[in-house]
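First the proteins, then the strands, lettered A, B, ... as listed; each starts at 1.
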Amino acid sequence: MLRELIKENFIKAVLMAGEKGELTGINPENIEQLMIEKPKNTEFGDFAVNISPLAKYAKIPPAKIAEIICNYLDLKDIELSIISGFINFKIKKELLNNCIKEIIVKNNDFGSNNIGNSEKVLLEYVSANPTGPLHIGHGRWAAVGSSLANLLKFSGYNVFQEFYINDAGNQINNLGKSLWIRVLQELGEAANFPEDEKEAKNYYPGDYLIEIAKEYLKNNAEKTAKLRGQNPDSLLPSEEIVTEMSTFAKQLILEDQKRLLSLLGVNFDRWFPETSLHKTNEIKSALEKLKNSGKIYEKEEATWFKSSDFGDDQDRVIIKHDGNYTYLTADIAYHYDKLERGFERLINIWGADHHGYVARIKAAIQALGKDSGCLEVLLGQLVNLIISGEQVRMGKRRKMVTLQELVDDVGVDGTRYWMIMRDINTTLDFDIELAKSCSDENPVYYSQYAHARACSILRTAVSERPDQENKQILPSKVTEQELKTLFDPNFFDIYKLNDLWKTGDLKELDSTRMLILRLESFDDILLNAAKSRAPYMIARYIQDLAKDFHYFYTFTRVLNVNDDVMKARLVLIQATKQVLSNAFKLLGVSAPEKM
RNA sequence: GCGUCUGUAGCUCAGUUGGAUAGAGUAACGGCCUCCGAAGCCGUAGGUCACGCGUUCGAAUCGCGUCAGGCGCACCA
C-alpha cells in the first residue's frame, strides 16, 4: 500500500511542477516507467525513486529535479532525502502503526485488490486423459492452477475453474482393449499385451487396470463369459467389448482423479467431457462457423483449416480421411463454447509439450471472429523427479510415480507448496526424499513454523504459568477478553501502538520496522503476482515474511516486558499471523496453530 | 534444421520488468537456549550472472550471434 501511495504522490508532484513551469519536457509516460524501489542499503530509506532517467527529458541535473519534486510532494509521515540522484523515503512510525491497523481492520481481506474488475475468467487446468492415474506432472498444474484461481479471485476476477476430460478418441479404445486383456488374465487365461514395440504403444500396461479388472468382474461375471465366447482372440476384441471396457475403466479412473484432486484441495466448478461436444453437435456448428470464414479446404481426402493465415506455421487437418475429427477439432469447439458462454478471458495451463498447440487454437479463435488476445496460455515446464540424487524420466507408458504416491509420502501441504514454489517457466526438480524429509531443509516447515510460533505466543499470553521459584501458579499476562478487544477493529486504538517504539534497543526497533514493512508489502506482492499469473511469488513472500518474523522474535521479547509494550507487540504478532494465514490460504496450504 | 523454455554461489532458486556494493534457502565453518516453540537466530566463507558483440548516463535484465540442456515440430491425444 505504501508503494502505491508514494507512486501516486510522486506522479502528482511531477505534474504539478510541470504545470508551474518548474519542470519541463516530462510527460506522464516518462514517469510511469519509474519504479518505486527498495534501496539495497536501508540507511538511505525504505523506498526510493531514481531521478536520473528524468534528466534527459528535463535537461537539468538530477539533483535539481529531485529538489523540485520534493517541494511538491505531499506525503504525511514520510521523511524525504536526496542522495546521489535518488529521492529516498523513510516511513515514520505513525504511518507504520497505520499499516498494522489496516491489517487488523481488513482481516481476511487484507491483500486483496480489484484489478480484475469482475472480469469473467475461465481457468482451465489439469485436463488429464481418463486413461490412467494422475502423475506428478499433473500435480504441478493442479496446485498452480487452484492457487492461481484463489489469487485471481482475491484480485477481483470472477473465476470459473474447469477440467476438460479427454474422453474420446483412439486412446479410449486403447484403454478398452487393455482392460479386456486384464480381465482375461483375471480369469486365468493366457492373454497378454503384444510383444512388438510398435503394437505395444496402443496399450496401457500399468498395474492400475488389474484392480479395475477385478472390480469389473465382481458384478459382470456372466456378461464377461458371454462376450468371451464370441471373441476368441484377446488382441482383437469386438467393438462391443471395447466400448464396454473403456466405459467402465474411464469412469472409475475419472472418479479416482476427482477424489485425489479434492483431497489436494483442488476443486473444479465443472468437469467438461469432450464426448459432450460430439453428442450435442457442437463440433459441427463450430465447423460451420469455420467454413463461413472461408479458411477451410479439402486436400488428400482430408479437410484442412488454413491456420497459417493466422500465424500458425502450417495448416492443420480437422477431418481425417476416415471421416473422424482430430483432437484439435474438438478443442476448437471447446474454446468456442467457452467464449459463447460469455467468458471474457480464457486462461489455460498447459504442459510445455503442448506449446505447438497455442498457435492453432489462437488461429481458430480468430477465424471464428473473436479476439485471440482473450486467450492466455500459461505453458509450464515439466517436472523432473529426483530419486536418490538421480533424475527419473517420466513417461506415460513406463513405470512412474503417481501423484497419489507422492501425496501419501509428502502430504498435501508439502506437495502443494513444492509444486507452487517455482516459476512455471523453469523445470521443477522434485527431490522426493527432500520433500519427504520433513526436516529443516524443507521450506514448507520453515514458513509454517513461523505461523505456529505466532500462535504459540498468543496462546501463552492468555495461559496461566507456573512460577519456578515460588512454586506458584501465576495468572495469564492478558485475559482472553482483553486480547479479543485488542484485536477488535471496532475498539482498535492505534495510539497504543506507539509503545512499539518506546525502546532504545536498536535491534528491537530494526526488527519491528522490518517486520511491519514486510507485512505492508503483501498487497503489493499480490498485485504483481496476479498480473504475472505467478502464484510462486506468494510462496517466496511467505518465506521472506517468515524470515523477518523469526528475526523479530529473536531480538524482541513480547511477553516479558511491561504491559503496554506487550500489548502493542501482541497486536503486531496478530497482524503477522493474519498475513501468513491469508497467504497460506491462497496457496491452499494449511496454517497450523501447532506443529 | 525450425519454434520455445532454461543457463546466476558446491546444490535448489529469487532478482520488483534497465538502476545504488548481484540476494535467499541448503550444504561447510564459528557462535547463541535459567526467559514467549533452537523446526529458530547471528556471523564467516562462497560469483567471469554460460560466452561474445551491440544499444546508453547505466545491462544478470533489452537486441543480435555462439555454446549447452529441456520440451515440441502427426490425418496421436
Side-chain angles (χ1 to χ4, degrees), chain A residues 3 33-41 44 48 50 52-53 55-56 62 83-86 129 131 166 168-172 174 201-202 274 299-304 313-314 316-322 324-328 330-331 351-359 379-382 384 386 389 396 421-429 431 434 438-443 445-446 448-450 452-461 463 465 468 477 507 521 524-525 528 532 536-537 540 543-544 546-547 549-551 553-561 566 569-570 573 594-595:
Chain A
R3 177 172 267 140
Q33 295 168 359
L34 286 183
M35 292 305 300
I36 311 295
E37 45 195 283
K38 297 221 165 181
K40 301 245 159 66
N41 189 342
F44 292 151
N50 189 351
S52 309
K56 63 181 161 192
I83 306 168
S84 63
F86 285 81
N129 299 336
T131 53
N166 291 131
N170 283 336
Q171 48 176 353
I172 296 300
N174 296 340
K201 280 187 177 166
N202 294 323
E274 182 187 340
K299 192 178 96 183
E300 294 163 1
E301 295 178 4
T303 305
W304 296 68
D313 46 11
Q314 56 181 284
R316 307 292 168 182
V317 169
I318 47 174
I319 301 177
K320 297 188 257 183
H321 73 276
D322 64 4
N324 286 320
Y325 299 125
T326 59
Y327 172 79
L328 175 66
D331 218 19
D353 50 339
H354 287 76
H355 94 265
Y357 249 74
V358 179
L379 290 172
Q381 299 297 314
L382 307 178
N384 280 328
I386 312 283
K396 218 163 226 161
M421 75 180 175
R422 302 276 181 245
D423 186 343
I424 62 167
N425 280 325
T426 70
T427 45
L428 174 64
D429 280 336
D431 188 323
L434 192 59
C438 300
S439 77
D440 50 356
E441 293 170 46
N442 201 333
Y445 294 88
Y446 180 81
Q448 287 186 322
Y449 180 62
R453 187 175 242 180
C455 293
S456 171
I457 296 171
L458 296 175
R459 254 195 324 269
T460 310
S463 310
R465 59 199 197 286
Q468 306 292 3
K477 304 276 187 181
K507 283 277 171 90
S521 70
D524 193 58
I525 295 286
N528 226 311
S532 322
Y536 82 91
M537 290 180 182
R540 190 146 280 277
Q543 266 165 277
D544 290 338
K547 174 88 189 169
F549 180 63
H550 289 313
Y551 182 82
Y553 173 87
T554 310
F555 291 104
T556 313
R557 306 234 62 110
V558 177
L559 298 182
N560 300 333
V561 291
M566 176 193 70
R569 288 179 180 164
L570 281 174
I573 301 283
K594 290 181 183 176
M595 292 172 72

Ignoring the backbone of A/Gln381, work out which of B/C13, B/G70, B/C41 is nearest its side chain.
B/G70
Using a 4.0 Å heavy-atom cut-off, does A/Phe555 contact any base of the nucleic acid, only the sugar-phosphate backbone, or nothing at all?
sugar-phosphate
Using the C1' atom on both, measure B/C36 against B/C29 and round to a whole Å.
31 Å
Please give the distance between the C1' atoms of B/C75 and B/A14 as a whole number of Å.
45 Å
Main-chain N/O of A/Ile318 paired to A/Thr303 side chain as donor or acceptor, under 3.5 Å:
no
Pair pattern of RNA chain B in dot-bracket, where unpaired bases get dots and | marks partners in another strand, Watson-Crick or G-U under 3.5 angstrom:
(((((((..((((.....[...)))).(((((.......))))).....(((((..]....))))))))))))....
Of the listed nucleotides (B/C36, B/A77, B/G70), which one gets closest to any side-chain atom of A/Val558?
B/C36
Is the phosphate of B/C13, meaning OP1 or OP2, less than 4.0 Å from a side-chain N or O of A/Thr426?
no
So what does A/His550 touch, heavy atoms closer than 4.0 Å: a base, only the sugar-phosphate, or nothing?
sugar-phosphate
Would you tell me if any nitrogen or oxygen in the side chain of A/Tyr536 comes within less than 4.0 Å of OP1 or OP2 on B/G15?
yes
Counting distance alone, no hydrogens or angles: does the base of B/A77 have a donor or acceptor under 3.5 Å from a partner atom on the side chain of A/Tyr357?
yes
Base, sugar-phosphate or nothing for A/Thr556? Non-hydrogen atoms, less than 4.0 Å.
base
Tell me what A/Arg316 touches on the nucleic acid: a base, only sugar-phosphate, or nothing, going by heavy atoms under 4.0 Å.
nothing
Evaluate whether atom NZ of A/Lys299 has more than 12 neighbouring non-hydrogen atoms of other residues, nucleotides or ligands under 6.0 angstrom away.
yes
By nearest-heavy-atom nucleotide on RNA chain B, the more 5' of A/Thr427 and A/Leu379 is A/Leu379
Do we see a donor-acceptor contact under 3.5 Å between the side chains of A/Ser52 and A/Asn50?
yes
May I have the distance from A/Arg557 (atom CZ) to B/G40 (atom C1'), rounded to whole angstrom?
13 Å
Tell me whether the side-chain N/O atoms of A/Ser456 come closer than 4.0 Å to OP1 or OP2 in B/G37.
yes
If I take atom OH in residue A/Tyr553 and atom C1' in nucleotide B/C36, what distance separates them, rounded to the nearest angstrom?
5 Å
Which atom pair, heavy atoms only, marks the closest approach of A/Leu328 to A/Arg316?
CD2-CB, 3.6 Å
Give A/Ala302 one of three labels, base, sugar-phosphate or nothing, depending on what nucleic acid heavy atoms sit under 4.0 Å from its own.
base
Distance from A/Thr556 atom OG1 to A/Ile573 atom CD1, nearest 0.5 Å?
9.0 Å
Taken to the nearest whole Å, CG/A/Asp429 to P/B/G7 is 13 Å
Using the six-membered ring of A/Phe549, assess whether NZ or CZ of A/Arg453 lies under 6.0 Å from its centre and within 45 degrees of the ring axis.
no
I need the minimum non-hydrogen distance between A/Tyr551 and A/Lys507, along with the two atoms involved.
OH-CD, 3.6 Å
Roughly how many Å apart are B/U6 and B/G10, using the P atom of each and rounding to a whole number?
22 Å
So, is A/Arg540 close to the B/U16 phosphate, meaning a side-chain N or O under 4.0 Å from OP1 or OP2?
no
Considering only atom P, compute the distance from B/C62 to B/A20 and round it to an integer number of Å.
16 Å
Taking syn as any angle within 90 degrees of 0 and anti as the rest, which one fits B/C33?
syn
Nearest-angstrom distance, C1' atom, B/G70 to B/A28
31 Å
What one should report as the nearest heavy-atom pair of A/Asn129 and A/Gln171 is ND2-OE1, 2.9 Å
As a test of reading the structure: which of B/C36, B/A77, B/G72 is closest to the side chain of A/Asp353, going by heavy atoms?
B/G72
Give the minimum heavy-atom separation between A/Asn425 and A/Leu379, together with the two atoms involved.
OD1-O, 3.9 Å
B/A24 OP1/OP2 closer than 4.0 Å to side-chain N/O of A/Tyr446
no
Any side-chain heavy-atom pair from A/Thr426 and A/Gln381 closer than 4.5 angstrom?
no
Determine the interatomic distance between P on B/G65 and the same-named atom on B/U44; round to the nearest Å.
44 Å
Counting the atoms with a prime plus P, OP1 and OP2 as sugar-phosphate, which does A/Ala452 contact under 4.0 Å by heavy atoms, base, sugar-phosphate, or nothing?
base
Pick the C1' atom in B/C33 and in B/A24, then give their distance to the nearest Å.
26 Å
Check every strand shown and say whether A/Asp322 touches a base, only sugar-phosphate, or nothing at a heavy-atom separation below 4.0 Å.
nothing
Residue list, side-chain contact (heavy atoms from CB on, under 4.5 Å) with A/Arg557, at least two apart or on another chain:
A/Asn560, A/Val561
I'd like to know if the side chain of A/Arg3 and the backbone of A/Asp524 have a donor-acceptor N/O pair within less than 3.5 Å.
no
Classify A/Lys547 by what it touches in the nucleic acid, base, sugar-phosphate, or nothing, heavy-atom distance under 4.0 Å.
sugar-phosphate
Separation of atom CD1 in A/Ile318 from atom P in B/A74, rounded to whole Å:
18 Å
Rounded distance (Å) that lies between atom C1' of B/G40 and atom CD1 of A/Ile457
12 Å
Among B/C71, B/U16, B/G37, which nucleotide sits nearest the side chain of A/Leu382?
B/C71
Short N/O separations, protein against nucleotides 18-21 of chain B, under 3.5 angstrom:
unit_1 : atom_1 : unit_2  : atom_2 : d
B/G19  : N9     : A/Asn50 : ND2    : 3.4
B/G19  : N3     : A/Asn50 : ND2    : 3.4
B/A20  : OP2    : A/Lys40 : NZ     : 2.4
B/A20  : N6     : A/Asn88 : OD1    : 2.9

Protein-nucleotide distance (A/Asn384, atom CG; B/C11, atom C1'), rounded to Å:
15 Å
Value in whole Å for how far the P atom of B/U61 lies from CG of A/Asn425:
17 Å
Look at the side chain of A/His354 and the base of B/G72, then say whether one donor and one acceptor between them are separated by less than 3.5 Å.
no
Taking donor-acceptor contacts at under 3.5 Å, does the side chain of A/His321 reach the base of B/C75?
yes
For A/Tyr449, answer base if it contacts any base atom (sugar-phosphate contacts may also be present), sugar-phosphate if it contacts only those atoms, and nothing otherwise; contact means non-hydrogen atoms under 4.0 Å.
base
Any base atoms under 4.0 Å from A/Gln543, or only sugar-phosphate, or nothing? Heavy atoms, all strands.
nothing
Work out which heavy atom in A/Gln543 is nearest to a heavy atom in A/Pro443; give both atom names and the distance.
NE2-CB, 3.6 Å
Whole-Å gap separating C1' (B/C13) and CD1 (A/Ile424):
16 Å
Considering only the P atoms, how many Å lie between B/C5 and B/C11, rounded to the nearest integer?
25 Å
